[in-house]
Amino acid sequence: MLIGFLILLLFQFAGELIVVFSGLPVPGPVVGMVLLLMGLIIKGEVPEYLRIPSEALLKHLALLFVPAGVGLMTHFGLLKQDWLAILVALIVSTALTIVVTALILNPSAKKLHRLSRVKHGQDTLGEDSH
Amino acid sequence: MEFWTFFAAKPLMWLIVTIATFIVTSWLNRRLGGTPLLHPVLVSLFLIIVFLLLTGTSYETYFEGAQFIHFLLGPATVALAVPLFDHFERVKKLLLPLLLACMAGAVTAAASALLVAQALDASLGTLLSIAPKSVTSAIAIGVAEKLGGYPSLASGLVLITGALGCILAPPIYHILNVTDEAVKGFTLGVSAHGMGTAFAFEYGLMAGAFGGLAMGMTGAFTAFMLPLLVPLLGIG
């Protein structure tokens, strides 16, 4: 558990270092996540000591958004000024995204269905994670 | 009053308020059948902000305590690689159509939101905060910061997008005649991140698994895509 947590921090650290030295405009933890994914693909499995802290963190992921979200209270002026633009943009773009993604994927529906039915029952991201 | 002054100035107080509020709102949401409109994060934000305003507490004071929770977002984002790897193993033979759908969906989400908001005269800070609205807050908060937007505004917009996705998806599936569980789940994950994924589990386990895969893929892709797309659209 502790080793797994340390591994997550080290991958985050590696991600932050790469971002600082390359000037890549991407968050350090995202680079760390890509590095860890590559490591797992090379290793071929998720070791138990990494799975336990990872799933513990992800189970409560939604809680971790609260501190940043409360910062909305510093943006009331912006919200008052831009609320209509924000609302229209979110509705239009969410509907368009659903249409585009579904239309591209729909022709592959049968294949997706067949393939994933064989390997079922694996652990999936729980409903608390966002 | 002396006790209040003493306690309110302590980081511990805001740590307790944040966790306790979230536990109560999660419980309430479960009791109400898990509706995305009363998502525990949305309700927690509302309650905590009201509480801070009523007690005249600044966000800086609150964050002195809440930062200990906020810090865990970093390792949690890295941890997203674990479920992503699990899903990849399952569907690697079909990666091409999935990647294509994810990339097209992610570009559509960001570009259409930016163009509509820009046409309606939204300010630059709003535009840069709206760009990552379709990806999980774990990633959107960091992306908004990198782009020069407001992380807190971005995390609020992410939640509203999640709720909208859960409301809009069923009628759109009906109109487009989308009936397959995997397609429904993946589409929800691309357009509405973790909230869409949670909603997809109502269609079945397979829909939920594809939602989780889509959420991870879209988040990672968007983080690398937005720094290129934003200047391309002449913003910033």
Side-chain angles (χ1 to χ4, degrees), chain A residues 8-9 11-12 25-27 29-30 32-34 36-37 40 46 51 54 57-58 61-75 78 82 85 88-102 104-106 108-109 111-113 115-116 119 122 124-125 127 129-130, chain B residues 18 22 41 44-45 48-49 59 66 69-70 72-85 90 97 101 104-105 108-109 112-113 116-117 120 122 126 136-137 141-142 146 151-153 155-156 161 164-165 168-169 172 178 180 182-183 187 190-191 194 198 206 208-209 212 223 227:
Chain A
L8 292 176
L9 291 177
F11 270 92
Q12 183 187 350
V26 173
V30 176
M33 165 190 155
V34 173
L36 181 59
L37 180 64
L40 291 174
V46 182
R51 184 177 290 280
S54 298
L57 274 173
L58 292 177
L61 189 56
L63 165 70
L64 312 186
F65 307 150
V66 173
V70 172
L72 268 179
M73 67 187 279
T74 59
H75 298 304
L78 198 65
D82 284 345
V88 176
L90 290 186
I91 294 174
V92 170
S93 127
T94 307
L96 268 179
T97 308
I98 296 172
V99 170
V100 167
T101 314
I104 291 182
L105 212 52
N106 220 11
S108 316
K111 270 193 280 179
L112 287 178
H113 208 88
L115 192 82
S116 50
K119 307 174 184 174
Q122 228 174 329
T124 48
L125 257 180
E127 54 181 316
S129 24
H130 297 268
Chain B
T18 306
F22 187 75
V41 178
S44 294
L45 296 189
I48 294 173
I49 289 176
Y59 180 59
I69 298 172
H70 182 76
L72 291 173
L73 261 187
T77 305
V78 178
L80 283 172
V82 170
L84 201 51
F85 171 77
R90 223 182 303 189
T108 305
S112 61
V116 171
L120 294 173
T126 301
T136 173
S137 296
I141 288 170
K146 283 280 173 192
S152 50
L153 182 58
S155 73
T161 301
L164 282 173
L168 293 173
I172 295 177
V178 175
D180 186 73
V183 177
T187 303
V190 169
S191 54
M206 190 198 294

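A note on names: the letters A, B, ... follow the listed sequences, proteins ahead of strands, and every chain is numbered from 1. Quick note: numbers below take in every heavy atom, side chains included, and nothing from hydrogens, waters or symmetry partners. What you see is a predicted model, and the numbers here were worked out from it, not measured in a lab.
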- Message: Heavy-atom pairs under 4.5 Å with chain B: which of A/N106, A/V46, A/V88 has the most?
- Response: A/N106

- Query: If you take all heavy atoms of B/A81 and A/L40, which pair is closest and at what distance?
  - Reply: O-CD1, 3.9 Å

- Query: Is it the side chain or the backbone of B/I172 that comes within 4.5 Å of chain A heavy atoms, both, or neither?
  - Reply: side chain

- Correct closest heavy-atom pair for A/P29 and B/V78 would be O-CG2, 3.7 Å

- Query: Of the listed residues (B/A109, B/P75, B/A76), which shares the most heavy-atom pairs with chain A below a 4.5 Å separation?
  - Reply: B/P75

- Query: Top residue by heavy-atom pair count (under 4.5 Å) with chain B, among A/V34, A/V99, A/D82?
  - Reply: A/D82

- Of the backbone (N, CA, C, O) and the side chain (C-beta and beyond), which part of A/V70 lies under 4.5 Å from a heavy atom of chain B, both, or neither? both

- Closest approach of A/V66 to B/F22 (non-hydrogen atoms, all atoms of both residues): CG2-CD1, 4.1 Å

- Item | For the student: nearest non-hydrogen atoms of A/V26 and B/K146, plus distance | O-CE, 3.4 Å

- Heavy atoms only, distances under 4.5 angstrom: which of B/T187, B/L164, B/V116 has the most pairs with chain A? Name it, please. B/T187

- Max heavy-atom pairs within cutoff under 4.5 Å with chain A, candidates B/T126, B/L168, B/V190, goes to B/T126

- By side-chain contact (heavy atoms from CB on, under 4.5 Å), which residues pair with B/P97, not counting sequence neighbours? A/L105, A/S108, B/L94

- Item | Beyond-backbone contact of A/L37 with B/L80, side-chain heavy atoms, under 4.5 angstrom | no

- Message: Please classify the contact between B/I141 and chain A as side chain, backbone, both or neither, with a heavy-atom cut-off of under 4.5 Å.
- Response: side chain

- Picking from B/A122, B/G142, B/S44, B/S155, which has the most non-hydrogen pairs under 4.5 angstrom with chain A? B/A122

- Query: Quick one: ring-ring contact (aromatic ring centres under 6.0 Å, His included) partners of B/Y59, sequence neighbours excluded?
  - Reply: B/F63

- First locate atom OG1 of B/T77, then atom CG of A/L57, and finally report the distance between them rounded to the nearest 0.5 Å. 9.5 Å

- In terms of heavy-atom proximity below 4.5 Å to chain A, should B/L72 be classed as side chain, backbone, both, or neither? both

- Can you tell which part of A/V100 gets under 4.5 Å to a heavy atom of chain B, answering side chain, backbone, both or neither? side chain

